[in-house]
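Remarks on the structure that follows.
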Amino acid sequence: MRCFIGIPVPPALAATLTANPVPPTARPVPEANLHLTLAFLGERSRSQLEPLLPPLKNALARLPAFTVTLSTLDVFPEPGARIWAAHARREPALLDLHRQIWDLLGQAGIDAEPRQFLPHVTLARAAAPLQAEPAPGPWVLPVNSVMLYESPPDGYYRVLQDWRLKD
């Protein structure tokens, strides 16, 4: 199954973000799918995922909840790209969470992504490059939990695991 680890966007914030217009040629992401990806794991079997679950649960249970600022809605990752997203600030708590997850994944033999971590919430996708004016924020994303998601062919993500952060 194709899977990833991410921060869920709560329904109220998802509704606020999706109430903003998207570029006319872009196809909106369903509200229930909104998240901030921390680690894309690609194709993994259940037997490959099982050993990861206890260490992730233990590590995440020790981390305090925090918030992330979504600063602007804009084309992602650069002008002329095909994604419309809420850009997240690279705040220390978010970067630490990302690093800790990848440290655990690395210990399990999963290679880190070669690209720089550019935190964002994808709101829409387009077939052609987007041209649009940014929409200024800010919006606040509460980070109370981290989820392991499956990305099935039907396009609607399924939560496989939900790890609560320390309150």
| request: Look only at the side chain of E91 and the backbone of T69, and say whether a donor-acceptor pair between them is shorter than 3.5 Å. | output: yes
| Do the side chain of T72 and the main chain of A135 share a donor and acceptor less than 3.5 angstrom apart? | yes
[atom1]-[atom2] distance between [X] and [Y], expressed to the nearest 0.5 angstrom:
X	Y	atom1	atom2	result
I101	L56	CD1	CG	6.5 Å
N144	F66	CG	CZ	9.5 Å
L70	L13	CG	CG	6.0 Å
Q161	S145	CD	OG	11.5 Å
E43	C3	CD	SG	8.0 Å
M147	W163	CE	CH2	10.5 Å

With hydrophobic residues grouped by side-chain heavy-atom distances under 4.5 Å, do [X] and [Y] end up in a single group?
X	Y	result
L34	V159	no
V22	L17	yes
L118	L97	no

Count the heavy atoms of every other residue, nucleotide or ligand shown that sit under 6.0 Å from [atom1] of [X], and state whether that count exceeds 12.
X	atom1	result
F40	CZ	yes
R2	CZ	no
R44	CZ	yes
E133	CD	no

| request: Check the angle between the aromatic planes of Y149 and F4 and answer parallel, tilted or perpendicular using the 30° and 60° thresholds. | output: parallel
Nearest atoms (heavy-atom pairs only) where [X] meets [Y]:
X	Y	answer
L94	P119	CD2-CB, 3.7 Å
A132	W84	CB-CZ3, 3.6 Å
K166	A61	CB-O, 3.4 Å
H35	N33	ND1-O, 2.8 Å
P55	L104	O-CD1, 3.7 Å
L141	P10	CD1-CD, 3.8 Å

Student check: side-chain heavy atoms of [X] and [Y] closer than 4.5 Å:
X	Y	answer
Q48	L41	no
L52	L148	no
V9	L36	no
L38	W102	no
L63	V146	no
L123	V29	no
Q116	R90	yes

| note | In short, ring pair (Phe, Tyr, Trp, His ring centres under 6.0 Å) pairs touching residues 107-137 with sequence neighbours left out are F76-H120, H98-F117
| field | Donor on one side chain, acceptor on other, D103 and Q107, under 3.5 Å | value | no
